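The model shown is predicted, which means the values in this text are computed figures rather than measured ones.
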Protein chains: 2
Amino acid sequence: MEKNTAYHTLLKNLGLKVTPKRLALLSVLGEEHRYLSPEEVWKKLRRSFKNLGLPTVYRNMEELERHGVISKVLHSNRQLYYYFCPKTGHHHHFVCLECRIVEDISVCAVREMEKEIKRRVKGTVTSHILQVNGLCSGCAGKQ
Amino acid sequence: MEKNTAYHTLLKNLGLKVTPKRLALLSVLGEEHRYLSPEEVWKKLRRSFKNLGLPTVYRNMEELERHGVISKVLHSNRQLYYYFCPKTGHHHHFVCLECRIVEDISVCAVREMEKEIKRRVKGTVTSHILQVNGLCSGCAGKQ
DNA sequence: GTATAAATAGAAATCATTTCTATTTATGAA
DNA sequence: TTCATAAATAGAAATGATTTCTATTTATAC
Ligand SMILES: [Mn+2]
Ligand SMILES: [Mn+2]
Ligand SMILES: [Zn+2]
Ligand SMILES: [Zn+2]
């Protein structure tokens, strides 16, 4: 009995059990080019699964994020959003606060990003969040 | 009766009432070169004010952020943190996840930032959050 | 098939943040 | 210095997204 889907392989490679709900969750995320909240994914999945707990969706999305399969989207309403990005390698995302569409941005420097966004996406950049995390010299020493 | 402090003037200019608690809150934030949560500020302020509601601290910090006096710090624990940055003009922050110290970074491009951080701060960059917000062409049209 | 650990449902708890309402206070004008 | 007024506040309560808990189910390797 072959379940030869890409998502099946993906879960196998991560050492996660291949459950119908996980496959469906990946399918939902994979078909959306927008970021979704766990609750939104849950509502979509409940069409196919009458018994599906919201905590299950939270848990799986968190797990997939830990494995780098999906990425968190920061939002000023501070709710959790995730996006399944097919692109590999370091890059960034232009996210629309209105329709929640996500566009890959290959360059990294902020100036160049804004130029590229204006040219390619024809959108408006209203703000950007740029935060460098790490350890200061004092704390790095203690580690 | 002159209250000739910078914070007094600051609040006046914003059109906010100059209350003792607001002045003390600004003083607490101004003396810390680290980002603080509303609860932490509340605990510090309660030393001076026996009656001080936590909602008051939340409200004032939110208000000051809206006026651009203090800036939010994004944190993976998704709690609210604020930092009173004396520097003006567009720049970014290097925040230490360990001790929560904040360092101003004047250049904006990510590559250059990492170089500068390594050279000046002698710290370790473990990650960076870079998100460009705005409206896609579709949504920008509707506005 | 069977054993085992992982995954899940459903209910309940958590807890940072927000809302609500009565009271207090800062402020500017009289 | 009153005084009127809107702003600010305390304290209690509500909120709600997220997490935790436990019994049950399920995928998987043997
Ligand atoms: Mn980058
Ligand atoms: Mn910048
Ligand atoms: Zn540090
Ligand atoms: Zn859009």
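Distance, Asn13(A) CG to dT28(D) C1': 16 Å, rounded to whole Å. For the pair Phe49(B) CZ and dG11(D) P, the computed distance is 14 Å after rounding to whole Å. As a whole-Å value, the separation of Leu54(A) CG from dA9(C) P is 10 Å. Here the C1' atom of nucleotide dA6(C) and the CD atom of Glu62(A) are 16 Å apart, to the nearest Å. Protein atom CE of Met61(A) is 12 Å distant from nucleotide atom P of dT19(D), rounded to whole Å. We find that CD of Gln79(B) is positioned 13 Å from C1' of dT18(D), with the value rounded to whole Å. dT8(C) atom P lies 15 Å from atom CH2 of Trp42(A), rounded to whole Å. Remark: P of dA16(C) and OH of Tyr81(B) are 10 Å apart, rounded to the nearest angstrom.
The side chain of Lys12(B) lies closest to dG28(C) when the candidates are dT8(C), dG28(C), dT28(D). Residue Tyr58(A) places its side chain closer to dT19(D) than to any other of dT17(C), dT19(D), dT8(C). Closest to the side chain of Pro20(A), from the set dT18(C), dA8(D), dA27(D), is dA27(D). Relative to the side chain of Leu52(A), the nucleotides dT19(D), dA9(C), dA8(D) differ in distance, and dA9(C) lies closest.
Using the six-membered ring where Trp is involved, Tyr83(A) and His93(A) have ring planes that are perpendicular, over 60° apart on the 30 and 60° scheme.
Over its full length, the helix from dG1(C)-dC30(D) to dA30(C)-dT1(D) turns its helical axis through 40°, comparing axes from the five pairs at each end and rounding to 10°.
With rounding to the nearest 0.5 Å, the separation of NZ in Lys21(A) from OG in Ser27(A) is 15.5 Å. Here CG of Asp104(B) is found 9.5 Å from NE2 of His33(B). Values are rounded to the nearest 0.5 Å.
In this structure a side-chain-to-backbone donor-acceptor pair under 3.5 Å is missing from His75(A) to Val73(A). A donor-acceptor pair is defined here as one N or O able to donate and one able to accept, closer than 3.5 Å; no such pair exists between the side chain of Arg22(B) and the backbone of Asn60(B). Without hydrogens or angle criteria, Glu65(B) side chain to Tyr82(B) main chain gives no donor-acceptor distance under 3.5 Å. No donor-acceptor distance shorter than 3.5 angstrom exists from the side chain of Arg46(A) to the backbone of Leu52(A), with no hydrogens or angles considered.
No more than 12 heavy atoms of other residues, nucleotides or ligands lie within 6.0 Å of NZ in Lys43(B), so this atom counts as exposed by the packing criterion.
Of the residues in residues 63-73 of chain B, not one places a heavy atom less than 4.0 Å from an atom of DNA chain D.
Remark: Arg59(A) is in phosphate contact with dT8(C), judged by side-chain N or O atoms under 4.0 Å from OP1 or OP2. In this model, the phosphate group of dT26(D) is not approached by any side-chain N or O of Lys21(A) to a distance below 4.0 Å at OP1 or OP2. An OP1 or OP2 oxygen of dT9(D) is reached within less than 4.0 angstrom by a side-chain nitrogen or oxygen of Asn60(B). Side-chain nitrogen and oxygen atoms of Lys17(B) include none within less than 4.0 Å of the OP1 or OP2 phosphate oxygen of dT9(D). Residue Asn51(B) has no polar side-chain atom (N or O) positioned under 4.0 Å from OP1 or OP2 of dT24(C). Contact between the side-chain N/O atoms of Thr19(B) and the OP1/OP2 oxygens of dA7(D) is not found at any separation under 4.0 Å. Between dT17(C) and Arg78(A), a contact under 4.0 Å exists linking OP1 or OP2 to a side-chain N or O.
Comparing Ser37(B) and Arg22(A) by the nucleotide of DNA chain C that holds the closest heavy atom to each, the one mapping nearer the 5' end is Arg22(A). Along DNA chain D, the nucleotide nearest Leu16(B) and the nucleotide nearest Pro55(A) are compared for position; the residue whose nucleotide lies closer to the 5' end is Leu16(B).
Taking the charged nitrogens against the carboxylate oxygens, Glu63(A) and Arg66(A) do have a contact shorter than 4.0 Å, which makes a salt bridge. Salt-bridge formation is detected for the pair Glu40(B)/Arg100(B): a Lys NZ or Arg NE/NH1/NH2 atom is positioned less than 4.0 Å from an Asp or Glu carboxylate oxygen.
A continuous path of ILVMFWY side-chain contacts below 4.5 Å connects Ile70(A) to Tyr7(A), so both sit in one hydrophobic cluster.
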